[in-house]
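Just below is one structure, and these are the notes that go with it.
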Amino acid sequence: MPSLSVHLKERSYPIVIGRDILPRLGSHLKKAGISQKVALIVTQKEVVAHCQSRLSEALTSEGYEPSFFLASGGRSSEAAKSQPVYDKLIRHLASLDGKGQSIFLAALGGGVVGDLTGFAAAVYRRGIPYVQIPTTLTAQVDSSIGGKTGIDLPQGKNLLGVIYQPKMVFCDTALLGTLPGRHWSDGFAEVIKYGVIKDPRLFSLLEKYGKEGIRNNPRLLEKVIMRCAKIKAKIVSQDEADKKDLRIVLNFGHTAGHAIEAASRFSKVTHGEAVGIGMLVACDIARACGVLKDQSLPARLEQTLVKFELPLTYKGIEIETLFKAMGYDKKTLEGKNRFVLPVTLGKTVVLNDIPAAIIQSALTKRKN
Ligand SMILES: NC(=O)c1ccc[n+]([C@@H]2O[C@H](COP(=O)([O-])OP(=O)(O)OC[C@H]3O[C@@H](n4cnc5c(N)ncnc54)[C@H](O)[C@@H]3O)[C@@H](O)[C@H]2O)c1
Ligand SMILES: [Zn+2]
């Protein structure tokens, strides 16, 4: 079973990746040094419905005592990353702890469950161990690795948060089998991002096989997840706290992407869809700024996004709204900005203070 690590001295941890590996979870927890008996598994019903008994068995067979907490905010999955749900989780944790148990947390789900669980683990008793068992493609290639944890406030996403590393990331690729199609595309947007910023061979593989070709080929899927996890693990190992201008490369497509996602409250563009469009916007800005060396890259990226059923344009959002979402002053369209821009496949550059007219024109080009 392929395994890699995030290297952070005494806080280093393994990322275990494989197919149908859930039965071996208990032994991997032992290997990762989890000595607490009670496993409080934070999850959602869409996820746990498919694997509760297998998971429980994998834990009890190694002497762990599983207990489940359903993180549901009602309206949407993201609503579970909220203060009320966090509060419930912490109280539940304290009630189990009151029985004199030694506890660790396990996040079984997508990025929402992962961020919430990691945050609770970081804060409760100033930190208890937790592990990530990601079940969406986004979580397996991105959010479960790196220790960024947090919850949302009514004023905005991820406003309460802390970096707190898990003790292990355990990716069973078979758990993705029940994931709805749109969530696959969402995760593949991040996979495409890794290809552009760091891994031309991964990008070629994506071009060749497309969404269904990878989704329906377990060995290829595992390979793709492995390559992405490796890139993220390496970047996090070098720049855990986002201080050295290395982790920023993961933001490729995210500057315009976040703005499109935030401004699309009605048309509901997903994160991955917005990042896909954001990567195209970054290509156009790179060309206008004269840093794009590989002129064929934007067209290749467009074709790849189409192969993964990701949109090339957004609609119903005013450019001014996007500028505002990016932190610009409404009247003058002046503001500081920072974009990760492609140079060639696998190579990027970070530029600051790009003229507003260039950004405006790139955003306009992608408006439907
Ligand atoms: N910490 C980080 O570094 C980081 C990075 C990227 C994103 N994020 C966060 O991650 C969140 C998004 O995560 P996501 O895209 O995984 O979405 P998600 O966690 O909301 O999951 C999407 C939906 O799929 C369901 N689901 C999950 N696994 C399933 C499975 N195997 N089968 C069937 N249904 C399943 C979930 O219950 C949910 O309804 C956002 O809150 C974002 O801010 C964090
Ligand atoms: Zn992202």
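Worth knowing before you read on, the calculation uses all heavy atoms, side chains too, and leaves out hydrogens, waters and symmetry mates. Atoms within each ligand, like the ligands themselves, are counted from 1 in listed order.
With hydrogens left out, the protein atom closest to atom 36 (C) of ligand 1 is Q44 OE1, 3.1 Å, a heavy atom. Protein heavy atom closest to atom 28 (N) of ligand 1, with residue, atom name and distance, is T135 OG1, 2.7 Å. For atom 5 (C) of ligand 1, the closest non-hydrogen atom of the protein is S143 CB, 3.4 Å. The nearest heavy-atom contact from the protein to atom 9 (C) of ligand 1 is D115 OD2, 3.4 Å. Atom 16 (O) of ligand 1 has its closest protein heavy atom at T136 OG1, 2.7 Å. The nearest heavy-atom contact from the protein to atom 18 (P) of ligand 1 is S77 OG, 3.6 Å. The shortest contact between atom 31 (N) of ligand 1 and any protein heavy atom is with L175 O, 2.9 Å. Among protein heavy atoms, atom 30 (C) of ligand 1 sits closest to T178 OG1, 3.5 Å.
The N/O atoms of K148, backbone and side chain alike, include one that comes under 3.5 Å of an N/O atom in ligand 1. Considering both main-chain and side-chain atoms, G111 comes within under 3.5 Å of ligand 1 through a nitrogen or oxygen pair.
Compare D172, T149, V112 by their heavy atoms: the one nearest to atom 19 (O) of ligand 1 is in V112. The heavy atom nearest to atom 3 (O) of ligand 1, considering only E261, K232, Q140, H50, is found in K232. Summarising the contacts of atom 42 (C) of ligand 1 with H271, Q132, K157, the nearest heavy atom is found in K157. Heavy-atom proximity to atom 39 (O) of ligand 1, evaluated over E46, E190, K45, is greatest for E46.
Each of the atoms 40 (C), 41 (O) of ligand 1 lies under 4.0 Å from some heavy atom of E78. Ligand 1 places these atoms under 4.0 Å from at least one heavy atom of D142: 5 (C), 6 (C).
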Report task. Step by step, work out the side-chain contact (heavy atoms from CB on, under 4.5 Å) result for T255 and R338. Result -> CA-CA 8 Å; T255 313; R338 192 142 211 251; over 6 Å; no
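L55 contributes atom CG, which lies 5.0 Å from atom CZ of F68 (distance to the nearest 0.5 angstrom).
For the pair L176/W184, a side-chain contact is recorded, criterion being any heavy-atom separation below 4.5 Å from C-beta on.
Classification of R125 and D97 as a salt-bridged pair holds, one side-chain N sitting under 4.0 Å from a carboxylate O. Between R215 and E212 a salt bridge is recorded (basic side-chain N to carboxylate O distance below 4.0 Å). A salt bridge is absent between D186 and R182: the closest approach of a Lys/Arg side-chain nitrogen to an acidic carboxylate oxygen does not fall below 4.0 angstrom. Taking the charged nitrogens against the carboxylate oxygens, E302 and R366 do have a contact shorter than 4.0 Å, which makes a salt bridge. Here K193 pairs with E190 in a salt bridge; the nearest charged N to carboxylate O distance falls below 4.0 Å.
R227 and D199 get closest at one heavy-atom pair: NE-OD2, 2.8 Å.
If you chain together hydrophobic residues whose side chains sit under 4.5 Å apart, L246 and L4 never meet in one group.
The nearest N, O or S atom of D142 is not closer to the Zn ion (ligand 2) than 2.8 Å.
For H271, the N, O or S atom closest to the Zn ion (ligand 2) goes by the atom name NE2. Within E190, the N, O or S atom lying nearest to the Zn ion (ligand 2) carries the name OE2.
The environment of E57 atom CD is sparse: at most 12 non-hydrogen atoms of other residues, nucleotides or ligands sit within 6.0 angstrom.
S72 and K45 are not linked by any side-chain donor-acceptor pair at a separation below 3.5 angstrom, with hydrogens and angles left out of the test.
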